[in-house]
Amino acid sequence: MLRASVLRLLGRAGASRVSLLEDSGPRHYCSGSLRARDDACDARAYLTTPIFYVNAAPHIGHLYSALLADALCRHRRLIVPCAAATRFSTGTDEHGLKIQQAAATAGLAPTELCDRVSSQFQQLFREAGISSTDFIRTTEVRHQIAVQHFWGVLKTRGLLYKGLYEGWYCASDECFLPEAKVTRQPGSSGDSCPVSLESGHPVFWTKEENYIFRLSQFREPLQRWLRADPRAITPEPFHHAVLQWLEEELPDLSVSRKSSHLHWGIPVPGDDSQTIYVWLDALVNYLTVIGYPNAEFKSWWPATSHIIGKDILKFHAIYWPALLLGAGMSPPHRIYVHSHWTVCGQKMSKSLGNVVDPRTCLDRYTVDGFRYFLLRQGVPNWDCDYYDEKVVKLLDSELADALGGLLNRCTANRINPSGTYPVFCTTCFPSEPGLVGPSVRAQAEDYALVSAVATLPKQVTDHYDNFQIYKALEALSSCVRQTNGFVQRHAPWKLNWENPVDAPWLGTVLHVALECLRVFGTLLQPVTPSLADKLLSRLGVSATERSVGELYFLPRFYGHPCPFEGRKLGPDTGLLFPRLDQSRAWLVKAHRT
Ligand code: ME8
């Protein structure tokens, strides 16, 4: 049996199955058993990031998209532990006028530029622990086959015609713009230059004969799709925005360019004088990865979730579903949309020279530290601002002090000399709140802590489901604070193992805190995989005991045996996360330069 809420998270396949999280047994049990691996393998989900342009090196915005997808994917794997059930693709978008021009400016052949920058993306994602199963480059032969096949299907279905296209084109955004979306800005020589109202990038007038897709036919089908599935585009404000766009007229879309202007792309089948529009080419990558046009792709489509930035919403929420419908296929299951990172209040751009290099950040803050920062601070609904001090402050307070400090308090030799998971005493901490007696030591706040941590896995899953990973981390961080409060309240360092009155309660306090840490470690795996591994290994939690299905928080409280009780802790491998503010020489230096 699988949890419906979880299946809903990332894929349509299997979504009708029964939920264990929702129908689990004891109230505080965060999960039931999740052992039906064959079933799990049937519940397929396919996650994608955008494929990134290779005109410039990756920045933190690209890494953020990949991290969101990675965290969703890793969280899903915690719940559906069958490796074959989840597919996760990323890649590079290598064709089009933008790349053709960037290569010319750099004095490189387009293939050289593509190889160089694509490998920078691959290296960054490897270093950042992005657990993708596929990396696609649109210059691969398999992709050309898929795009030309897809084109052929549209053609056969009568959805492409030749016509004269006249209008504005923005090479930076690779899109056509109506007059209403163009404004004027003073250029370098004082003359007025037409630019895109949305992106501010220059546009130029184009007039040529192209192939045109009958996009206008799809306005109503798109409206029906979105109205029938209010979560198709998540979070909701983006869903709403797309429906608003669909209120307006939807003109047909030019889907090819003259090869004499654009040679760097995939030729239109049977007409070498035209090159396929780069967005049609790019969007089909999602099908290429899963084997299209071979029938195998049907086992992953449409159980697909696209993770994208808000800048490319129109392409994914209007053009792509319309193209799919045109080709006789379903729209993707979900489109998860996030906003942008700005830097010190400004849009990140090469010309402003404020692009933040993600590899420097991974070096400075560690892979886990920077992953945690981006996912904890990034809010999909709004733009977020980046500056170095914010990273240091967050990581020092939440990872080094709160979480690392808590682990240290419960495992340090001085307080836990036997180096074990101590025994939980049901007399000191009875499952019934409000009991009084000479041995009862638990207080009302302690019951509140148990309840908060018991419900945390479900809360976290719900936040992932709603693409609000930062809220999952906020809830987790609040539970860490509560657990520190619990330890502080009972001051185990003032209790004595030698004293028969103190000892059962001392063991219980440590047991509860270690149980909380086990939940935190398990739930942090999608965000900070190495740190979570270090934490769980220190607690003596084996590799097979780390899925959400194996959590069983504080079973002794509910009258069940606890497999950890009395178990030796794992080896002490040093601080969980060393404070950063001690080693801030680079930060001070960075500000002086
Ligand atoms: O648009 N903050 O590629 P691209 C957060 N090739 N995320 C950001 C960001 C920022 N400041 N800047 C970029 C393309 N991103 C096309 C996509 S998909 C079939 C083709 C992220 O290199 C975000 O995900 O311009 C955004 O949508 C994407 O990078 C755009 O990357």
Side-chain angles (χ1 to χ4, degrees), residues 47-70 72 89-99 102 113-114 117-118 120-121 124-125 130 135-139 143 146-147 150 170-175 196 198-201 238 265 276-289 304-321 323-324 332 335-350 352 354-358 361 374-375 377-386 467 470:
L47 281 93
T48 71
T49 72
I51 50 169
F52 303 104
Y53 286 130
V54 289
N55 62 309
H59 59 59
I60 58 166
H62 302 125
L63 177 60
Y64 179 57
S65 295
L67 279 176
L68 286 166
D70 186 54
L72 285 178
S89 84
T90 185
T92 41
D93 187 355
E94 306 190 1
H95 288 136
L97 199 57
K98 182 179 174 112
I99 307 304
L113 179 71
C114 294
V117 182
S118 182
Q120 290 176 6
F121 273 97
L124 169 68
F125 291 167
I130 302 300
F135 190 96
I136 179 161
R137 299 183 57 185
T138 53
T139 43
H143 181 63
V147 172
F150 191 83
C170 176
S172 292
D173 304 338
E174 292 284 18
C175 70
S196 157
E198 266 169 33
S199 69
H201 294 136
F238 296 109
I276 295 176
Y277 175 39
V278 66
W279 266 104
L280 193 157
D281 168 341
L283 289 162
V284 172
N285 95 82
Y286 300 130
L287 296 178
T288 308
V289 166
T304 303
S305 298
H306 296 312
I307 288 90
I308 59 160
K310 64 179 183 180
D311 52 320
I312 54 177
L313 180 57
K314 183 177 66 192
F315 302 96
H316 283 79
I318 294 185
Y319 297 174
W320 181 225
L323 287 164
L324 286 163
I335 301 174
Y336 288 119
V337 192
H338 65 80
S339 298
H340 281 176
W341 282 91
T342 55
V343 175
C344 301
Q346 281 184 306
K347 188 173 167 174
M348 222 182 331
S349 90
K350 226 156 85 173
L352 287 173
N354 64 351
V355 173
V356 180
D357 172 14
C361 297
L374 286 181
L375 293 171
Q377 289 287 312
V379 178
N381 299 42
W382 300 283
D383 285 355
C384 303
D385 199 34
Y386 177 88
F467 197 49
Y470 81 100

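In each ligand, atom 1 is the first atom listed, and ligand 1 is the first ligand listed. The structure displayed is predicted, hence computed values, not measured ones.
Of all protein heavy atoms, the one closest to atom 17 (C) of ligand 1 is Ile51 O, 3.1 Å. Closest to atom 26 (C) of ligand 1 among all protein heavy atoms lies Asp311 OD1, 3.2 Å. Protein heavy atom at the shortest distance from atom 31 (O) of ligand 1 is Phe52 CD2, 3.6 Å. In this structure, atom 1 (O) of ligand 1 lies nearest to the protein heavy atom Ile312 CG2, 3.4 Å. Ranking the protein heavy atoms by distance from atom 12 (N) of ligand 1 puts His59 CE1, 3.2 Å first. For atom 2 (N) of ligand 1, the closest heavy atom belonging to the protein is Trp341 N, 2.9 Å.
The pair Arg137-Asp93 fails the salt-bridge criterion, with no side-chain N (NZ, NE, NH1 or NH2) lying under 4.0 Å from an Asp/Glu carboxylate O.
Counting the atoms of ligand 1 from 1 in the order shown, those under 4.0 Å from a heavy atom of Gly309 are 23 (C), 24 (O), 26 (C), 27 (O). Close contacts between ligand 1 and Pro50 involve ligand atoms 18 (S), 24 (O) [criterion: under 4.0 Å to a heavy atom]. Close approach of ligand 1 to Ala282 (heavy-atom distance below 4.0 Å) involves ligand atoms 19 (C). Residue Met348 approaches ligand 1 through these ligand atoms, each under 4.0 Å from one of its heavy atoms: 11 (N).
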I'd like a table of donor-acceptor pairs (distance under 3.5 Å, sequence neighbours excluded) in which one partner is a side-chain atom from residues 311-319, with atom names and distances.
| residue | atom | partner | partner atom | Å |
| --- | --- | --- | --- | --- |
| Asp311 | OD1 | His340 | NE2 | 3.1 |
| His316 | ND1 | Ile312 | O | 3.0 |
| His316 | NE2 | Tyr286 | OH | 2.7 |

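Compare Ala56, Gly91, Gly61 by their heavy atoms: the one nearest to atom 7 (N) of ligand 1 is in Gly61. The nearest non-hydrogen atom to atom 22 (O) of ligand 1, considering only Tyr64, Phe121, Tyr53, Trp320, comes from Tyr53. Heavy-atom proximity to atom 24 (O) of ligand 1, evaluated over Ala69, Ala66, Ser65, Ser339, is greatest for Ser65.
Under the 30°/60° scheme for interplanar angles, the aromatic rings of His62 and His59 are found to lie parallel.
Residues Thr138 and Asn285 bring no donor and acceptor atom of their side chains to less than 3.5 Å of each other.
Of all the heavy atoms of His340, the ones lying under 4.0 Å from any atom of ligand 1 are found in both the backbone and the side chain. Residue-level proximity to ligand 1 for Lys347 is absent, since no heavy atom of it falls below 4.0 angstrom.
Leu113 approaches Ala102 most closely through the heavy-atom pair CD2-CB, 3.9 Å. Residues Leu67 and Ile130 come closest through the heavy atom pair CD2-CD1, 3.7 Å. Gly345 and Asp385 get closest at one heavy-atom pair: N-OD1, 2.7 Å. Considering every non-hydrogen atom in both Gln377 and Cys384, the closest pair reads O-SG, 3.5 Å.
Between Asp93 and ligand 1, a contact under 3.5 Å exists for at least one N or O pair. Remark: ligand 1 and Leu283 share no N or O pair separated by less than 3.5 Å (distance only, no angle test).
Residue Glu174 places no heavy atom under 4.0 Å from ligand 1. Lys310 does not count as a contact of ligand 1, since none of its heavy atoms falls under 4.0 Å from the ligand. Ligand 1 lies within reach of Tyr286, whose nearest heavy atom is under 4.0 Å from it. Ligand 1 has Trp279 within reach: a non-hydrogen atom of the residue lies less than 4.0 Å from it. Put simply, no part of Gly378 is less than 4.0 Å from ligand 1, judged by heavy atoms. In this structure, His338 has a heavy atom closer than 4.0 Å to ligand 1.
Here the OG atom belonging to Ser89 is positioned 9.0 Å from the NE2 atom belonging to His306, to the nearest 0.5 angstrom.
Thr49 contributes no side-chain N or O that, together with a main-chain N or O of Ala66, makes up a donor-acceptor pair within less than 3.5 Å. Lys98 contributes a side-chain N or O that, together with a main-chain N or O of Ser172, makes up a donor-acceptor pair within less than 3.5 Å.
Asp281 places a side-chain heavy atom less than 4.5 Å from the side chain of His143. The shortest side-chain heavy-atom distance between Asn55 and Val117 does not fall under the 4.5 Å cut-off. Trp320 places a side-chain heavy atom less than 4.5 Å from the side chain of Val284.
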